[in-house]
2 protein chains.
Amino acid sequence: MDTMLKTLGEPRRCEIIRLVWSTEMPATEIANHFPDVTRSAISQHLGVLRRRGLVNERRDGTRRLYSVNQGEIAKLKAFIDSFWSNSLEKLRDLAESHEQLKGPE
Amino acid sequence: MDTMLKTLGEPRRCEIIRLVWSTEMPATEIANHFPDVTRSAISQHLGVLRRRGLVNERRDGTRRLYSVNQGEIAKLKAFIDSFWSNSLEKLRDLAESHEQLKGPE
DNA sequence: CTTATATGTTAGCAGTTCCTTACGTAAGCA
DNA sequence: TGCTTACGTAAGGAACTGCTAACATATAAG
């Protein structure tokens with residue numbers, strides 16, 4: 001999970017995720033959205049995202065079309081949510097241990 | 001937001017957030033949860049978390065008690081959620097432009 | 001077959017990050 | 001006042017990261 005957070009902590013990688021969130025897009029078109037860095041830099045970011053399983057790659061002729069693996073991002077969402085739900089769990093455990101002291105109702 | 005993702009991408013910082021999520025805790029006690037690194041390393045992580053506004057510091061004698069600023073983490077939660085809601089927004093915009101082509105119902 | 005397009009990969013460098021060691025400081029206690 | 005506890009901070013180094021430039025490969029077009 002730390003890995004995923006780190007991966008998305010890179011602004012361009014995070015932006016790529018947004019770009020291909022709902023529509024697959026070839027590498028060159030993705031790179032065109034980042035005029036301030038070379039295509040190579042974006043290709044390397046795509047490689048990281050692919051290896052981390054955050055995007056899927058589909059080949060079509062010479063092109064490679066990327067799309068988001070929303071399931072992986074859903075894991076991140078669940079992880080963030082777990083900060084809250086785990087604290088609820090702690091409260092529940094605390095309540096239970098209180099009940100044990102008092103005996104069951 | 002990239003900053004927050006990067007900040008939590010560090011495993012120990014992420015763990016610190018969990019530690020002080022629902023109960024404030026003095027720096028030394030936090031450091032004791034990480035036997036593999038020095039207290040200095042943890043102090044530096046706490047400094048980062050404080051500067052980023054992710055934790056609050058309260059002084060009590062020589063101790064410094066840290067607690068999570070849940071509001072900041074809530075922003076991250078909202079950001080992750082926005083990946084989904086923004087794609088809904090795009091669908092809505094798409095539907096609207098279709099209606100313009102057809103004329104209003 | 002030759003050329004152009006789309007893309008990944010490698011080498012290498014500058015900047016950043018996380019760590020340790022050593023030191024500084026402020027509050028309590030003798 | 002001197003010692004101890006609880007902490008932050010500074011200096012410096014090893015490892016990691018993101019970038020560019022140059023090269024490799026594969027498909028398509030002529």
Side-chain angles (χ1 to χ4, degrees), chain A residues 1-21 23-69 72 76, chain B residues 1-21 23-69 72 76:
Chain A
M1 190 51 62
D2 312 308
T3 307
M4 170 137 45
L5 284 163
K6 245 176 224 162
T7 304
L8 297 179
E10 215 302 312
R12 295 181 227 275
R13 282 198 292 260
C14 202
E15 187 57 29
I16 289 174
I17 292 295
R18 281 198 179 282
L19 268 178
V20 299
W21 181 262
T23 46
E24 61 182 4
M25 195 177 281
T28 301
E29 194 175 336
I30 295 173
N32 288 341
H33 280 81
F34 302 93
D36 50 332
V37 292
T38 59
R39 188 190 53 74
S40 174
I42 300 304
S43 179
Q44 287 172 62
H45 283 312
L46 286 171
V48 171
L49 289 169
R50 180 166 19 89
R51 258 172 262 118
R52 306 277 197 262
L54 293 177
V55 299
N56 306 115
E57 181 192 285
R58 181 173 73 86
R59 304 204 183 185
D60 168 43
T62 88
R63 299 187 309 167
R64 304 200 186 186
L65 299 162
Y66 289 93
S67 58
V68 166
N69 183 349
E72 282 302 305
L76 173 58
Chain B
M1 190 51 60
D2 312 306
T3 306
M4 169 137 45
L5 284 163
K6 244 176 227 164
T7 303
L8 297 178
E10 216 302 312
R12 296 181 227 275
R13 282 196 293 257
C14 202
E15 188 56 31
I16 289 174
I17 292 295
R18 280 198 180 283
L19 269 179
V20 298
W21 181 262
T23 47
E24 61 182 4
M25 195 177 283
T28 301
E29 194 176 336
I30 295 173
N32 288 342
H33 280 81
F34 302 94
D36 50 333
V37 292
T38 59
R39 186 191 53 77
S40 174
I42 300 304
S43 179
Q44 286 172 62
H45 282 312
L46 286 171
V48 171
L49 289 169
R50 181 166 17 90
R51 257 172 262 120
R52 306 278 197 261
L54 292 176
V55 300
N56 306 116
E57 182 193 285
R58 182 173 73 86
R59 304 203 182 187
D60 168 42
T62 90
R63 298 188 310 165
R64 305 200 185 186
L65 300 162
Y66 289 92
S67 58
V68 166
N69 182 350
E72 281 302 305
L76 173 59

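Letters A, B, ... are given to chains in the order of the sequence lines, protein chains preceding strands, and every chain is numbered from 1. From a predicted model like this one, the values you see are computed outputs, not experimental measurements. In what follows, every heavy atom counts, from backbone to side chain, and hydrogens, waters and symmetry copies are set aside.
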Are [X] and [Y] side-chain neighbours, meaning at least one heavy-atom pair lies under 4.5 Å?
{"X": "B:F34", "Y": "B:I16", "result": "yes"}
{"X": "B:D2", "Y": "A:E10", "result": "no"}
{"X": "B:H33", "Y": "B:E15", "result": "no"}

Would you confirm whether A:R64, through its side chain, and A:E57, through its main-chain N or O, come within 3.5 Å as a donor-acceptor pair?
no
From the options [options], select the nucleotide whose nearest atom is closest to the side chain of [X].
{"X": "A:T38", "options": "D:dT20, C:dT9, C:dT20", "result": "D:dT20"}
{"X": "B:R12", "options": "C:dA6, C:dC19, D:dT9", "result": "C:dC19"}
{"X": "B:R64", "options": "D:dG8, C:dC18, C:dT20", "result": "D:dG8"}
{"X": "A:R13", "options": "D:dA6, D:dT9, D:dG18", "result": "D:dG18"}

Provide, to the nearest angstrom, the distance between the [atom1] atom belonging to [X] and the [atom2] atom belonging to [N].
{"X": "B:I30", "N": "D:dG8", "atom1": "CD1", "atom2": "P", "result": "9 Å"}
{"X": "A:R58", "N": "D:dT27", "atom1": "CZ", "atom2": "P", "result": "16 Å"}
{"X": "B:K6", "N": "D:dC16", "atom1": "NZ", "atom2": "P", "result": "17 Å"}
{"X": "B:E10", "N": "C:dT17", "atom1": "CD", "atom2": "P", "result": "11 Å"}
{"X": "A:I42", "N": "D:dC19", "atom1": "CD1", "atom2": "C1'", "result": "10 Å"}
{"X": "A:R39", "N": "C:dA4", "atom1": "CZ", "atom2": "P", "result": "17 Å"}
{"X": "B:E24", "N": "D:dA6", "atom1": "CD", "atom2": "P", "result": "17 Å"}
{"X": "A:E15", "N": "D:dG18", "atom1": "CD", "atom2": "C1'", "result": "17 Å"}

Taking the nucleotide of DNA chain C with the closest heavy atom to each, which residue, B:V48 or A:L46, is nearer the 5' end?
A:L46
Mind checking if [X] touches a base, just sugar-phosphate, or nothing, with heavy atoms under 4.0 Å?
{"X": "A:A27", "result": "sugar-phosphate"}
{"X": "A:R59", "result": "nothing"}
{"X": "A:D60", "result": "nothing"}

Does D:dG8 have its OP1 or OP2 closer than 4.0 Å to a side-chain nitrogen or oxygen of B:S43?
yes
Is the shortest side-chain N/O distance from B:H45 to OP1 or OP2 of C:dC19 below 4.0 Å?
yes
Hey, mind stepping through B:R12 and B:D36 against side chain to side chain contact (heavy atoms under 4.5 Å, CB included) and telling me if it holds?
CA-CA 11 Å; B:R12 296 181 227 275; B:D36 50 333; 2.9 Å; yes
Indicate, yes or no, whether a donor-acceptor pair under 3.5 Å links the base of D:dA21 to the side chain of A:S40.
yes
Answer with yes or no whether A:Q44 presents, from its side chain, a donor or acceptor under 3.5 Å of a partner atom in the base of D:dT20.
yes
